[in-house]
Amino acid sequence: LFCVASLTFAADNKKVDAVNKADFFTTNGAHLSVKGKNYYVVGTNMWYGGYLGSSGKVGDRARLVKELDNLKLLGINNIRVLAVSEKAEHNSAVHPATTNGFGDHNEELLAGLDFFMAEIAKRDISAVIYLNNFWQWSGGMTQYMSWIEGTPAQDPNVTKDWEGFMAKSASFYQSKKAQTEWRKTIKKIVTRVNTVTGKSYINDPSILSWQLANEPRAGNSKASAKEKEIYVKWINDTAKYIHSLDPNHMVSTGSEGLMGSNNDEKLYSDAHASPYINYMTYHMWIRNWGWFDKAKPAETWDAGLAKANEYLNVHIDIAKKVNKPLVLEEFGLDRDFGSYDIKATTHYRDKFYRIVFDTLYNRVKAGEAIAGYNFWAWNGSARTTRANYWWQTGDDFMGDPPQEEQGMYGIFDSDISTILIIKEYADKMHAIPK
Ligand SMILES: O=C1NC[C@H](CO)[C@@H](O)[C@@H]1O
């Protein structure tokens, strides 16, 4: 009886895992494509999707289902989500982590991503799944180096030494031990069988791409030619490795574009020239990068937006040259005057969202190499009770990660004026003939 049952299960599993190659996302020149039609990303960022999907006390499946229903109603068709985090001791990292040490994984938490993937499939939402982080809020590359070197990972929010932090992060690429351990984690995630659906991730058509990391950079502002060369090789070799595990899905870098490439167009183009990198990514942070001053909005708006416009458009021109699709997968702006208070107005944010959406929508409609966007980020029904707006273990997860004040950039479900703009442009994007 057991033998028959196990044969039946195996057959069912095979059936569950049976797929049609045409169901997978791919590219068609400078366009993303699926089932023979152009695909336009109308997305958001929800790094914590797997956390909410966990069955353990850190999860909140009822909230996740509600958030995904609301995002679907907004016209969202793609979510960028973190696959793995590394346990870090500092106060800017998420707790718990999916990885507590090399080979030491929190399966209950990892299974949260399974639930998330099962739920987005029900809503025809795709996912970009990133496998590491150049920054400290999920442990990331510096935590790998901390485990190897036996020294605590730096928190640049405390040390204020962002240059030193970025150099340490980038040393990850040169560490054989780090790469060996990371590839074991990559293999564990990419070849995973979804414990909710029984479907292997390799055969899950909801995955738009595996992404190397969140915002990987070649080094700090003084990255050497050697560091740039190592970075480009790391991208190619890792993307090739992922394709060797998973012939069905695309691979992307998670790059911020020129501002994450030392403003070196050759580095950005070389980083995306690999045949194993299927499309290009960029991010845009006009306040983080000092183009707009949240304390002096009226005085800095025009110059900031001029730079934003240039940034939005120059990458589309580069993508056209490289002949690969491009996705703006992060952008955002603070609440007015940089308030974190959910009751604060969002006059400048709403203007900014409209300009970004309109600029990209018009170039997508014109058939250019831009394949869509993800706003950063979805806070939804999350709320903070902290007077200092700083995330602590057990607090609601929101789009603002633990390295930043909760409410900085994320869109709450009460931000009606912004949500209406998101919906307005989602409708326009979905109306573009494919
Ligand atoms: O990936 C990122 N880019 C910018 C976000 C806002 O500062 C930040 O929270 C995140 O690390």
Side-chain angles (χ1 to χ4, degrees), residues 43-49 51 78-86 88 90-94 97 128-143 153-157 160 162 165-166 168-170 172 209 211-217 220 252-261 281-294 304 308 311 315 327-335 338-340 346 348-349 352-353 356 373-380 382 384 389-391 395-412 418:
T44 189
N45 282 272
M46 204 175 168
W47 64 268
Y48 57 94
Y51 275 79
N78 175 267
I79 297 175
R80 198 167 157 257
V81 64
L82 177 77
V84 287
S85 50
E86 292 74 30
H90 55 67
N91 196 27
S92 293
V94 64
V128 170
I129 305 176
Y130 47 102
L131 297 157
N132 212 321
N133 199 342
F134 189 77
W135 308 113
Q136 79 276 29
W137 54 265
S138 60
M141 296 177 186
T142 53
Q143 188 53 48
Q154 297 174 39
D155 178 2
N157 281 331
K160 306 301 177 200
W162 288 92
F165 173 85
M166 291 190 280
K168 177 62 70 180
S169 247
F172 169 82
S209 74
Q211 190 162 91
L212 301 187
N214 178 51
E215 302 198 329
R217 295 186 177 187
N220 61 22
S252 58
T253 60
S255 170
E256 299 153 276
L258 292 176
M259 285 297 282
S261 309
T281 66
Y282 69 137
H283 303 177
M284 186 167 70
W285 291 101
I286 66 171
R287 195 269 290 162
N288 287 4
W289 296 341
W291 299 352
F292 170 76
D293 183 343
K294 61 185 179 181
Y311 200 76
H315 286 79
V327 178
L328 176 72
E329 53 172 33
E330 285 187 20
F331 69 93
L333 195 62
D334 307 74
R335 310 185 81 88
S339 172
Y340 308 128
T346 56
Y348 284 94
R349 173 185 290 175
F352 181 61
Y353 267 53
V356 173
Y373 52 75
N374 300 68
F375 66 86
W376 180 281
W378 186 248
N379 286 356
T384 182
Y389 297 96
W390 202 256
W391 187 87
D395 287 359
D396 286 355
F397 291 112
M398 51 174 87
D400 299 303
Q403 75 169 26
E404 288 166 338
E405 282 77 2
Q406 304 293 284
M408 178 184 280
Y409 284 122
I411 309 302
F412 291 102
T418 314

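In each ligand, atom 1 is the first atom listed, and ligand 1 is the first ligand listed. What you are looking at is a predicted structure, and each value in this text was computed from that prediction instead of being measured.
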Verdict with supporting geometry, V94 and F397, side-chain contact (heavy atoms from CB on, under 4.5 Å)
CA-CA 9 Å; V94 64; F397 291 112; 3.7 Å; yes
Looking at residues at least two apart in the chain, or sitting in another chain, which of them share a salt bridge (charged side-chain N to carboxylate O under 4.0 Å, His left out) with E86?
none
Those residues at least two apart in sequence (or on a different chain) that pass side chain to side chain donor-acceptor pair (under 3.5 Å) with Y51 are S85
Could you list the residues that satisfy salt bridge (charged side-chain N to carboxylate O under 4.0 Å, His left out) with D293, not counting sequence neighbours?
none
Can you measure from OH (Y340) to CG (D400) and round to the nearest 0.5 angstrom?
9.5 Å
I need the contact residues for ligand 1: any residue with a non-hydrogen atom closer than 4.0 Å to the ligand, ordered by chain then number.
W135, W137, N214, E215, W285, N288, E330, W376, P401, Q403, E404, Y409
Applying side chain to side chain contact (heavy atoms under 4.5 Å, CB included) between N374 and each of T44, V327, L328, report the one that passes.
V327
